[in-house]
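Input: a single structure, listed below in structure tokens.
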Amino acid sequence: MPYQLPLDLEAADGFSRAHFITTDALQGVLDVILCPQDWLSPHAILLGPKGSGKTHIGHIFTDAFGGQFVTAEESFTL
């Protein structure tokens with residue numbers, strides 16, 4: 001009879017700054033997002049097509065400033 005061994009495998013933090021691949025365009029976004037003291041408003045909206053890095057950048061921002069990441073769906077219940 002075959003045995004299955006349980007392995008304690010943790011998924012890597014896929015949304016960390018270390019896992020973010022920066023292009024010229026995305027570097028510009030990071031430069032703005034990571035300097036909120038320079039914003040004209042205390043709010044920012046990330047817009048872009050699916051897979052463009054919005055969620056990843058949001059996680060980088062919350063990690064850098066001790067925030068809490070909230071999805072669009074969760075924001076209606078706050």
Side-chain angles (χ1 to χ4, degrees):
M1 175 182 274
Y3 292 98
Q4 183 173 358
L5 298 174
L7 300 175
D8 186 19
L9 300 176
E10 290 186 31
D13 178 11
F15 290 122
S16 70
R17 177 66 181 98
H19 288 100
F20 190 68
I21 298 172
T22 306
T23 63
D24 289 340
L26 289 175
Q27 185 60 54
V29 173
L30 280 179
D31 291 344
V32 171
I33 289 296
L34 295 178
C35 292
Q37 67 276 9
D38 296 338
W39 297 356
L40 298 176
S41 169
H43 309 283
I45 298 173
L46 292 175
L47 298 173
K50 183 177 181 177
S52 61
K54 300 178 301 291
T55 300
H56 202 145
I57 290 171
H59 281 278
I60 292 170
F61 176 80
T62 57
D63 288 346
F65 295 99
Q68 178 183 2
F69 188 85
V70 179
T71 65
E73 293 79 20
E74 292 169 331
S75 69
F76 292 110
T77 62
L78 295 177

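The structure displayed is predicted, hence computed values, not measured ones.
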Original post:
Is any side-chain heavy atom of Gln27 closer than 4.5 Å to a side-chain heavy atom of Thr23?
Top reply: no
**OP:** To the nearest 0.5 Å, tell me how far Thr22 OG1 sits from Ile60 CD1.
**Re:** 7.0 Å
Original post:
What residues, two or more places apart in sequence or in another chain, satisfy side-chain hydrogen bond (donor to acceptor under 3.5 Å, both in side chains) together with Ser16?
Top reply: His19
Original post:
Can you tell me how far the CG atom of Leu26 sits from the CG atom of Asp31, to the nearest 0.5 Å?
Top reply: 11.0 Å
Original post:
Should Phe20 and Phe65 be regarded as members of a common hydrophobic cluster, given that ILVMFWY residues are connected when their side-chain heavy atoms come within less than 4.5 Å of each other, either directly or indirectly?
Top reply: yes
Donor-acceptor contacts under 3.5 Å from residues 37-48 side chains, at least two apart:
{"from": "Trp39", "atom 1": "NE1", "to": "Val32", "atom 2": "O", "distance (Å)": "2.8"}
{"from": "Ser41", "atom 1": "OG", "to": "His43", "atom 2": "N", "distance (Å)": "3.3"}

Subject >> Aromatic plane relationship, His56 with Phe15 - under 30° parallel, 30 to 60° tilted, over 60° perpendicular >> reply: perpendicular
Original post:
How long is the gap from CG on Leu34 to CG on Asp63, to the nearest 0.5 Å?
Top reply: 10.5 Å
**OP:** Over all heavy atoms of both residues, which pair between Thr77 and Glu74 is shortest? Give the atoms and the distance, please.
**Re:** OG1-O, 2.8 Å
